[in-house]
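First comes the structure, then the notes that go with it.
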Amino acid sequence: PYLKYVYDLGRGLNSLCWWVTSLSYRSSYVSKTFLQSCYLQVALALVGEWEGPGPLVVVVADDPVIRALERNLPGNTGVGGRGAGPFQWARDTASMVVHRAFFMAREGSRLIQSRRMIRHPDRPAEPATLLIASVHAGNLNRGGDFHKTSFGDLAARLGELGHNVAVAPMVLRDVSHGEALRRVRSGSAPLLVPHRYLRLRDLLWAVASTWRRIPLASPLPPLAGMDISPLVKEDLRLHWMSNRAADAFLMAALTQRWANQRASIARIIYKYENQPWERALCWGAKRYLPDTQMVGYQHARAPQLYLNY
């Protein structure tokens with residue numbers, strides 16, 4: 001029921017802003033709505049079955065669940081928790097502005113580093129297979145072979161079959177961007193470093209596109225007979241203040257830059273985890289690289305409650 005609930009919300013909104021939200025992503029690492037909905041259902045079941053004689057005390061740690069309990073329990077039940085407060089909107093807006101300012105500073109620095117270190121960006125002239133692989137502390141010491149952590153000898157095998165292969169390094173936050181570029185340049189495959197193609201206007205577009213909150217229908221539909229609107233709104237509030245959406249939007253901008261550069265990309269292979277940046281990548285490829293084949297490689301098992309799959 002929860003997956004269908006989120007899917008139906010997405011059908012109504014149907015925009016890139018929605019598809020890169022933590023709520024749409026559904027991973028329990030960043031979205032608490034499913035877990036909190038379970039808490040809410042358990043609490044309501046306990047209340048419904050309680051016959052006394054004394055009062056029932058339900059201890060809840062999350063304020064959104066407390067607010068949802070207030071909405072779902074009839075009458076004066078003594079449910080209490082911290083409210084949003086009169087200045088919550090102002091505090092949230094200030095937090096969002098600070099996060100976007102940090103985003104501009106961080107990504108702007110990466111643009112400058114990439115241009116200083118890579119004078120002439122690679123542009124595949126012949127149809128190429130592009131491997132998107134992350135660079136992190138665990139594979140930084142492998143230098144130009146960093147992509148083998150994700151794909152093994154796939155690049156070499158594709159080369160033996162006559163395919164042109166290029167690699168796009170996705171530098172994660174646990175390593176220095178400049179140090180990562182110095183290390184990975186030792187490889188034999190052409191490198192399509194994302195920030196070498198992006199422009200300042202792409203950063204501004206990402207900020208402008210994620211400046212507003214996600215519009216929601218009012219009232220929201222129930223989930224299994226429960227009003228979970230406080231949980232949904234809290235999830236989207238936290239997402240809006242963070243930079244996760246802006247980060248994802250850069251992937252969509254990157255596909256447009258590759259298209260503008262007339263890069264010949266026959267297919268893109270990436271590790272499939274259904275993350276927001278992957279959705280933005282697929283969204284951008286469909287729009288700007290319509291002849292490019294997208295290949296998602298599921299590199300690990302998918303547990304039953306790992307809902308983003």
Side-chain angles (χ1 to χ4, degrees), residues 5-6 9-10 12-13 15-40 43 58-73 77-110 172-174 200 202-221 223 226-251 275-277 279-280 308:
Y5 181 87
V6 175
L9 286 181
L13 296 168
S15 68
L16 182 58
C17 286
W18 161 257
W19 293 116
V20 300
T21 62
S22 54
L23 182 63
S24 176
Y25 175 32
R26 303 184 304 277
S27 171
S28 58
Y29 289 107
V30 293
S31 174
K32 304 302 180 186
T33 300
F34 175 70
L35 179 61
Q36 291 175 340
S37 297
C38 295
Y39 290 159
L40 177 62
V58 178
V59 180
V60 180
D62 300 330
D63 279 334
V65 181
I66 295 176
R67 293 196 294 271
L69 273 174
E70 290 179 315
R71 285 177 172 264
N72 286 274
L73 292 176
T77 58
V79 175
R82 292 181 299 173
F87 302 107
Q88 185 68 59
W89 182 88
R91 289 195 297 267
D92 290 350
T93 301
S95 176
M96 183 274 294
V97 171
V98 170
H99 276 87
R100 296 302 186 276
F102 175 78
F103 170 85
M104 289 295 299
R106 181 191 65 204
E107 301 303 325
S109 173
R110 290 186 166 200
L172 302 187
R173 305 284 187 256
D174 62 344
L200 178 60
D202 298 320
L203 308 189
L204 296 173
W205 174 71
V207 169
S209 299
T210 60
W211 193 262
R212 295 183 178 180
R213 296 174 186 258
I214 299 292
L216 289 174
S218 183
L220 287 174
L223 169 65
M226 302 182 299
D227 181 353
I228 65 167
S229 55
L231 313 182
V232 170
K233 291 177 180 178
E234 178 68 7
D235 200 327
L236 293 178
R237 182 184 75 87
L238 296 176
H239 169 80
W240 173 69
M241 289 189 294
S242 76
N243 284 329
R244 288 192 293 268
D247 289 337
F249 266 71
L250 287 186
M251 292 303 299
Q275 293 193 39
W277 72 263
R279 298 178 178 196
N308 53 300

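The basis for the numbers below is simple: all heavy atoms, side chains too, and nothing from hydrogens, waters or symmetry mates.
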Self-check item: R106 and R173: CA distance, side-chain angles, deciding distance, side-chain contact (heavy atoms from CB on, under 4.5 Å) verdict
Solution: CA-CA 10 Å; R106 181 191 65 204; R173 305 284 187 256; 3.1 Å; yes

Practice problem: Could you walk me through whether D62 and K32 pass the salt bridge (charged side-chain N to carboxylate O under 4.0 Å, His left out) test, one step at a time? | Solution: CA-CA 10 Å; D62 300 330; K32 304 302 180 186; over 6 Å; no

Self-check item: Verdict with reasoning, T210 to F103, per side-chain contact (heavy atoms from CB on, under 4.5 Å)
Solution: CA-CA 12 Å; T210 60; F103 170 85; over 6 Å; no

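Annotation: the span from S31 atom OG to N308 atom CG amounts to 10.0 Å, rounded to 0.5 Å. Note that CG of N72 is 13.5 Å distant from CZ of R67, once rounded to the nearest 0.5 Å. Of the inter-residue distances, the one linking E107 atom CD with L204 atom CG reads 12.0 Å to the nearest 0.5 angstrom. Between atom CG of residue L238 and atom OG1 of residue T21 there is a gap of 12.0 Å, rounded to the nearest 0.5 Å. How far CG of L220 is from CG of L231: 10.5 Å, rounded to the nearest 0.5 Å. Put simply, CZ on F87 and CG on D92 are 13.5 Å apart, with the number rounded to the nearest 0.5 Å.
The minimum heavy-atom distance linking F249 with W205 is given by the pair O-CZ3, 3.2 Å. Across A280 and A248, no two heavy atoms sit closer than the pair CB-O, 3.0 Å. Of all heavy-atom pairs between P64 and Q36, the closest is CB-OE1, 4.1 Å. Closest non-hydrogen pair, L13 versus P215, comes out as CD2-O, 2.8 Å. R244 and H239 get closest at one heavy-atom pair: NH2-CA, 3.8 Å. Nearest heavy-atom pair, A206 versus A246, reported as atom, atom and distance to 0.1 Å: CB-O, 3.7 Å.
Judged by distance alone, with hydrogens and angles left aside, the side-chain atoms of S95 form no donor-acceptor pair with the main-chain N or O of R91 at under 3.5 Å. Judged purely by atom type and a 3.5 angstrom limit, W240 uses its side chain to pair as donor or acceptor with the backbone of W211. At distances below 3.5 Å, not a single donor-acceptor pair connects side-chain atoms of S24 with backbone N or O atoms of V20. N243 places a side-chain N or O within 3.5 Å of a backbone atom of H99 that can act as its donor or acceptor partner. Between the side chain of R71 and the backbone N or O of D227, no donor-acceptor pair lies under 3.5 Å. Under the 3.5 Å distance criterion, the side-chain polar atoms of R100 are matched with a main-chain donor or acceptor of S242.
The number of heavy-atom neighbours closer than 6.0 Å to OH of Y5, taken from other residues, nucleotides and ligands shown, is above 12. Remark: R212 CZ is loosely packed, at most 12 non-hydrogen atoms of other residues, nucleotides or ligands lying under 6.0 Å away.
With T33 as reference, L23 is the one residue of V6, L23, L236, L223 to meet the side-chain contact (heavy atoms from CB on, under 4.5 Å) rule.
With respect to the salt-bridge test (charged N to carboxylate O, under 4.0 angstrom), the residues E234 and R237 qualify.
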